[in-house]
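In what follows, a single structure is set out as C-alpha cells and then discussed.
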Amino acid sequence: MPKLTITSGVLLLFLSVLGGRAQTAPEFVTVHGHRIHVNVQGQGTPAVIFESGMGEDVSTWQPVQPVIAKSASTFSYDRSGLGLSEASTGERDGVHLATDLHDVLKAKNIPPPYVLVGHSLGGAVVQIFANRYPKEIAGLVLIDPEDGRIVHQLQARLSKEVWDERARELAKFGAMPPQVQREYDGIVQMAERIEQFDQLPRVPIVLLSGTQVNSSFPGNPVEQEIKLQLHREFLARNPQAEQILVPESRHYIQQDAPNVVINAVKHVITLTKK
C-alpha cells in the first residue's frame, strides 16, 4: 500500500537545480483557477515527466530527478492539494488525475513527446495518460505501479481478522488528509475499469517491480503476490514492456534503489532515439 505520510518538499525547492543554477523560489502555474507547484530541471528532448504516488510531493523524486536533469529536461509537480499546490474540488480518480497532468504540462508549455515515469498510484495515472494521449508518448517507466484492483483482491483473499489487523496497523500512521483520501477513494472506485487503460502504445516501457516482503506487516506477503501477478498480466497485454525485479525494495524503489530507476529512465530515453 502507498505510504500515508506527506513529505514537505520545501528543502528540495532550495536545493534543486534548474539549468545548472540554484532554484531559489518555488514555481507555480495556474490551472483551472488553482496554483500548482511545478519543478522543472534540465534541458533536452524527450521531456521526462515524473508522476508521484498517493500523497507524495516532488521531494519523492529528489534521489532521481537531479541526476536525470544532467542530460534531459525533467518535470515534476505536486498534484492538487499536495505539497505546495492548492486544493481543487474536482474528481480525483485516475482519469481526472491524468487529465490534470495533461493540463499542467500545457500550462507550463512543455511540449511532447514525453517519457512518463510513474510510481505506485502515479504508475496507474501515467498508463491512463498514455492510453488517452498516445501520440504524445515516447516511453514509460512504471515504478511498482498499483491501482484499486490490489485493494479489492487483497480484501477478498485475507481473512476478516487479518484485514482488520492490517487496518489497525495502517491507522498508526494517522488518518489520511482529505485530499489524499479523495485520491485513494477515486482509484479504488476505478478498479473495475483500470484494465481498459493499460494496453499502451508501442513505445519502450520498463516495469520495475519491488519484490522485498515485509512478513511482519499483516497481509504483506499476499499483497506482494497480488501485485506481482497484476504486473505479469500487464506484461502479457504489453509485450513491448520489459520487467526488472528489484529485491532490495518493497515499494519505494526511487528511494531504496534510486540507481535502478535512473538507469531505467536513461535506458528508455536511449531507446526513444533509435
Side-chain angles (χ1 to χ4, degrees), residues 29 31-32 36 38 40 42 44-54 61 65 68 72-77 79-80 90-149 183 186-187 189-209 230-244 261 264-274:
V29 296
V31 180
H32 306 306
I36 301 297
V38 299
V40 180
T45 58
V48 179
I49 311 301
F50 294 95
E51 182 71 41
S52 304
M54 189 181 76
W61 302 112
Q65 185 176 0
I68 299 300
S73 173
T74 68
F75 170 93
S76 61
Y77 74 117
R79 286 193 298 271
S80 173
E91 296 291 332
R92 307 309 294 158
D93 62 52
V95 171
H96 285 88
L97 295 180
T99 302
D100 284 354
L101 172 58
H102 194 255
D103 292 343
V104 172
L105 291 171
K106 277 191 171 182
K108 186 54 188 166
N109 294 318
I110 297 181
Y114 308 120
V115 171
L116 300 179
V117 182
H119 169 244
S120 193
L121 167 63
V125 173
V126 299
Q127 289 177 55
I128 295 170
F129 187 109
N131 184 278
R132 290 171 67 86
Y133 310 105
K135 294 182 179 180
E136 299 184 12
I137 305 304
L140 293 99
V141 177
L142 305 176
I143 304 172
D144 221 46
E146 290 189 2
D147 56 67
R149 291 173 296 176
E183 288 190 349
I187 200 66
Q189 290 166 8
M190 279 195 65
E192 295 181 356
R193 297 175 52 204
I194 198 71
E195 287 185 12
Q196 69 183 275
F197 298 108
D198 75 353
Q199 190 162 358
L200 303 181
R202 292 283 177 158
V203 297
I205 301 172
V206 172
L207 169 64
L208 303 179
S209 301
L230 290 171
H231 288 186
R232 287 189 288 271
E233 292 171 6
F234 170 84
L235 293 166
R237 286 188 290 271
N238 295 275
Q240 76 275 30
E242 54 183 294
Q243 183 182 37
I244 298 174
V261 176
V265 174
K266 289 182 176 180
H267 176 58
V268 169
I269 291 174
T270 298
L271 292 177
T272 68
K273 297 180 177 180
K274 287 186 177 181

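Computed from heavy atoms alone, side chains included, the values below leave out hydrogens, waters and symmetry copies.
I110 is not listed as a side-chain neighbour of V104, based on a closest heavy-atom distance of 4.5 Å or more. Contact annotation: the side chain of F234 never approaches that of Q243 to less than 4.5 Å [non-hydrogen atoms, C-beta and beyond]. The closest side-chain heavy-atom distance from H231 to D144 is below 4.5 Å. In this structure, V95 and R193 have side chains that are in contact, with non-hydrogen atoms separated by less than 4.5 Å. Taking the side chain as every heavy atom from C-beta outward, Q127 and N131 never approach each other to under 4.5 Å. Residues F129 and E51 are not in side-chain contact: their nearest non-hydrogen atoms beyond the backbone lie 4.5 Å or more apart. Put simply, the side chain of T99 reaches to within 4.5 Å of the side chain of R132, judged on heavy atoms. Annotation: side chain of E195 is in contact with side chain of R149 (closest heavy-atom distance under 4.5 Å).
Here the CG atom belonging to L116 is positioned 12.0 Å from the CD1 atom belonging to I128, to the nearest 0.5 angstrom. We find the NE2-CE distance between H96 and M190 to be 10.0 Å, quoted to the nearest 0.5 Å. For the atom pair CD1 (I49) and CG (L105), the distance works out to 5.0 Å, reported to the nearest 0.5 Å. To the nearest 0.5 Å, atom CD of residue E242 and atom CG of residue L208 are 9.5 Å apart. Residue L207 holds its CG atom at 9.5 Å from CG of N238, rounded to the nearest 0.5 Å. To the nearest 0.5 Å, the span separating CD1 on I205 from CG on L200 amounts to 4.5 Å.
Judged as a ring-ring contact (aromatic ring centres under 6.0 Å, His included), and not counting sequence neighbours, the contacts of Y77 are F75. Not a single salt bridge (charged side-chain N to carboxylate O under 4.0 Å, His left out) links K266 to another residue, sequence neighbours left out. Looking at residues two or more places apart in sequence or on another chain, you find no ring-ring contact (aromatic ring centres under 6.0 Å, His included) involving Y114.
The two residues G123 and L142 have their closest heavy-atom pair at O-CD2, 3.9 Å. Taking all atoms of both residues into account, the shortest heavy-atom contact from Q65 to S76 is OE1-OG, 2.8 Å. In plain terms, the two heavy atoms of V48 and A72 that are nearest each other are CG2-CB, 4.3 Å. Closest approach of V115 to V268, counting heavy atoms only: CG1-CG1, 4.0 Å. The minimum heavy-atom distance linking A138 with V203 is given by the pair O-CB, 3.5 Å. Nearest heavy-atom pair, S73 versus G44, reported as atom, atom and distance to 0.1 Å: CB-O, 3.0 Å.
Atom CD of E192 has 12 or fewer heavy atoms from other residues, nucleotides or ligands within 6.0 Å.
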For this session: Could you walk me through whether V31 and D100 pass the side-chain contact (heavy atoms from CB on, under 4.5 Å) test, one step at a time?
Result: CA-CA 8 Å; V31 180; D100 284 354; 5.9 Å; no
Exercise. Would T272 and T45 count as a side-chain contact (heavy atoms from CB on, under 4.5 Å) if you check the C-alpha gap in whole Å, the side-chain angles of each, and the deciding distance to 0.1 Å?
Worked result: CA-CA 10 Å; T272 68; T45 58; over 6 Å; no
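Although no hydrogens or angles enter the test, the distance criterion places no donor-acceptor pair under 3.5 Å between the side chain of R92 and the main chain of I187. The backbone N or O of G148 sits nowhere less than 3.5 Å from a side-chain atom of Q189 that would complete a donor-acceptor pair.
The aromatic rings of W61 and H119 stand perpendicular to each other, their planes meeting at an angle above 60°, with 30° marking the opposite boundary.
Partner of E183 under the side chain to side chain contact (heavy atoms under 4.5 Å, CB included) criterion, chosen from V125, L97, D93: L97.
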